[in-house]
Amino acid sequence: ISAAWHRLSAGDLTRARDIAERLRGIGPAPHQRAEILMLLAETSGHLGRALAHALAAAALVRDDPRRSVWFQRRIAFLRVLTGDTAGALREAQQTLELAKGVGDPRQLAQAIAFVSAGEMATGRITPGLLERGLALEASLPDDAVRPLQYSSPSYVRYARFVFLGQIDAA
């Protein structure tokens with residue numbers, strides 16, 4: 001599974017998909033089967049199939065909130081790609097509720113960023129939510145913030161300013 005993720009990160013979608021296809025159905029633990037399904041989602045090349053794989057993967061880890069946060073976030077992103085912004089916002093809100101229960105500030109900051117981005121896309125802003133995410137992000141050590149990249153509250157704040165035409169504020 002790790003080799004397939006590395007291949008995917010390197011941009012070798014074909015090899016990552018081949019590995020995932022070979023592993024499909026043989027992972028003994030639900031979280032392993034879920035990872036394989038998510039690899040298939042990430043490499044499928046077809047958004048409908050990708051979303052189906054991702055939803056099946058999330059169902060396998062439903063009892064594990066820490067893992068569910070990651071899977072739900074990916075589903076929200078896939079919904080954006082399919083043009084379902086309202087569905088993406090619903091998925092992001094579910095992710096936020098799960099992240100609140102996990103107790104990991106990094107995951108919570110990412111979940112807030114995803115909800116804030118979804119709210120920006122739908123025009124339904126929750127006052128103070130992004131600011132809460134920014135404060136949480138600021139409290140994280142630098143090595144925890146760097147991996148957040150485009151899924152950070154500060155990135156969403158930047159995107160909002162750009163969207164509003166306030167480039168100097170961004």
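The residues of the chain are indexed from 1 along the displayed sequence. Owing to the predicted nature of the structure, the values given are computational and were not obtained by experimental measurement.
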Quiz prompt | Distance-minimising heavy-atom pair for A109 and P153 | solution = O-CG, 3.5 Å

Got a list of side-chain donor-acceptor pairs under 3.5 Å for residues 120-131, not counting sequence neighbours?
from	atom 1	to	atom 2	distance (Å)
T122	OG1	G118	O	3.1
T122	OG1	E119	O	3.4
T126	OG1	E119	OE2	2.4
E131	OE1	G128	N	3.4

Practice problem: Please list all pairs passing the side chain to side chain donor-acceptor pair (under 3.5 Å) test where one or both residues lie in residues 94-103, with sequence neighbours left out. | Solution: Q72-Q94, E97-K100

Quiz item: How long is the span from the CG atom in D12 to the OG1 atom in T14, to the nearest 0.5 Å?
Solution: 6.0 Å

Self-check item: Atom of L140, atom of P105 and distance for their closest heavy-atom approach
Solution: CD2-CB, 3.7 Å

Self-check item: Spacing of R33 atom CZ and R24 atom CZ [to the nearest 0.5 Å]
Solution: 12.5 Å

Quiz item: For the atom pair OG (S68) and NE2 (H31), what is the distance rounded to the nearest 0.5 Å?
Solution: 13.0 Å

Practice problem: Mind listing the closest non-hydrogen atom pair of R66 and Q107 along with its distance? | Solution: O-NE2, 3.3 Å

Quiz item: Is there side-chain contact between V61 and P30, with at least one heavy-atom pair below 4.5 Å?
Solution: no

Quiz item: To the nearest 0.5 Å, what is the distance between CG (L89) and OG1 (T85)?
Solution: 8.0 Å

Quiz item: About how many Å separate CG of L39 and OG of S44, when rounded to the nearest 0.5 Å?
Solution: 11.5 Å

Quiz prompt | A76 to F114 - nearest heavy-atom pair and separation | solution = CB-CD2, 4.4 Å

Practice problem: Please check if any side-chain donor atom of W5 sits under 3.5 Å from a side-chain acceptor atom of E42, or the reverse. | Solution: no

Practice problem: Could you list who else is in L98's hydrophobic cluster, with ILVMFWY side chains joined at under 4.5 Å, directly or through other members? | Solution: V69, V102

Quiz item: Are W70 and I112 joined in one hydrophobic group, where the rule is that I, L, V, M, F, W and Y side chains link up if heavy atoms are under 4.5 Å apart?
Solution: no

Quiz item: Would a hydrophobic clustering, with Ile, Leu, Val, Met, Phe, Trp and Tyr connected at side-chain separations under 4.5 Å, put L13 with I36?
Solution: yes

Exercise. Specify the closest pair of heavy atoms between A16 and A4, including all atoms of both residues, with the distance to one decimal.
Key: CB-O, 3.4 Å

Quiz item: Can you pull the side chain to side chain donor-acceptor pair (under 3.5 Å) pairs that have at least one residue in residues 156-170, sequence neighbours excluded?
Solution: none

Quiz item: CZ of R62: more than 12 outside heavy atoms within 6.0 angstrom?
Solution: no

Quiz item: Among all residues two or more places apart in sequence or in another chain, which pass the side-chain contact (heavy atoms from CB on, under 4.5 Å) test with A54?
Solution: M38, A41, I75, L78

Practice problem: Using the salt bridge (Lys or Arg N to Asp or Glu O under 4.0 Å) rule, collect all pairs that involve residues 76-85, keeping only residues at least two apart or in two chains. | Solution: R79-D84, R79-E91

Quiz item: What is the minimum heavy-atom distance between A88 and V80, and which atoms define it?
Solution: CB-CG2, 3.5 Å

Exercise. Give the cluster check for L136 versus L96: same hydrophobic cluster or not, with ILVMFWY residues linked at side-chain heavy-atom distances below 4.5 Å.
Key: yes

Quiz item: Measuring from L108:CG to R132:CZ, what's the distance to the nearest 0.5 Å?
Solution: 5.0 Å

Quiz prompt | Co-membership, hydrophobic cluster, residues V162 and L164, 4.5 Å side-chain | solution = no

